[in-house]
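Working notes for the structure below.
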Amino acid sequence: MKLIPFVKQHILGYVALILCLSLLAGCSFSGSTKDSSAGGPVDGKGKLRVIFIDVGQGASQLIITPSGKTMLIDAGNNDKEQVMLDALKKYGVARLDIVIGTHPDADHIGGLDKVIDKLSVGKIYMPKVSSNTKTFESVLRSIQRKGLKVSSAKAGLTLNLDSGVQVSMIAPLTNYEDTNNMSAVVKVSYGKHSFLLTGDAEADSEKDMLASGADLRSDVLLVGHHGSKSSTSVAFLKKVNPQYAVIQSGKGNKYGHPTQTIIKRLQKQGVKVYRNDTQGTVEFLTDGQHFQIRAER
Ligand SMILES: [Zn+2]
């Protein structure tokens, strides 16, 4: 009779152990799942992070340098203000050392007003082109309220973000009638690796970038104008010669972005394509030697 409770205790202990083990396995499984999603726990120490934030049909890239300096290029459309603020919070960003509004279109600068209102901002760059939209005026008002001055975004600038990271502006090289072509194009390099972030620059600007002799070679290309066929000309793509490309566009958008022409062009060149519309936010981490790529889904 005395044995029964003893055995019982043992069996109970055994069951508890098995339960614990399976729980632990469950934990580590959910942990590793989380780890592969952008924004989950990540060891960004000594790494450059370039995050292509999913803002639906629009664009936004957040750059966090190894020493924790931050740069935001574009902030999605007006209805993505909260998405932007949430994303910045998620990545622990309370201050933006550099903000770039690539060009005045709403799908790029729409969310900038609220971002500037809520965060501390160092320097802001925008191309010398104005717009009479409410969106543009609202961004200018936010800039004014913060007592900031807009520096003019143009080719040839070197941006002082972090001593270990090179940031240079490749375009616009001249004045264009089309605001897309006025897009600030930024190259970010760290160690062996570089990113070319092209805004909505189209074939005209691409042609001028090629003619300028700038070093366009980059490992990661933000595909111009959301994958529209007016950008990513064959000559430009060949010169950049990326290993990876990211397309920032929204699911079922009315523009038909990205176009099959550009998807096929990228495939033909052997470029691995990541997309916000199918994969959510996409993040690249590099120590200057290797890449770690994480997609939200
Ligand atoms: Zn756009």
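Just so you know, residue 1 is the first one in the sequence shown, and it goes up from there. Read the numbers this way: they start at 1 and go in the same order the structure lists the ligands and their atoms.
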Mark yes or no for whether T135, through its side chain, and G110, through its backbone, hold a donor-acceptor pair below 3.5 Å.
no
The complete set of ring-ring contact (aromatic ring centres under 6.0 Å, His included) pairs with one or both residues in residues 137-163, sequence neighbours excluded, reads none
Can you check the number of protein N/O/S atoms within less than 2.8 Å of the Zn ion (ligand 1)?
4
In plain terms, say whether D113 and R141 are close enough for a salt bridge, that is, a side-chain N and a carboxylate O under 4.0 Å apart.
no
Which residues pass the ring-ring contact (aromatic ring centres under 6.0 Å, His included) test with Y244, sequence neighbours left out?
F284, F291
Can you list everything that forms a side chain to side chain contact (heavy atoms under 4.5 Å, CB included) with S228? Sequence neighbours excluded, please.
H225, S230, H257
Which atom names give the shortest non-hydrogen contact between D277 and P258, and what distance separates them?
OD2-CD, 4.0 Å
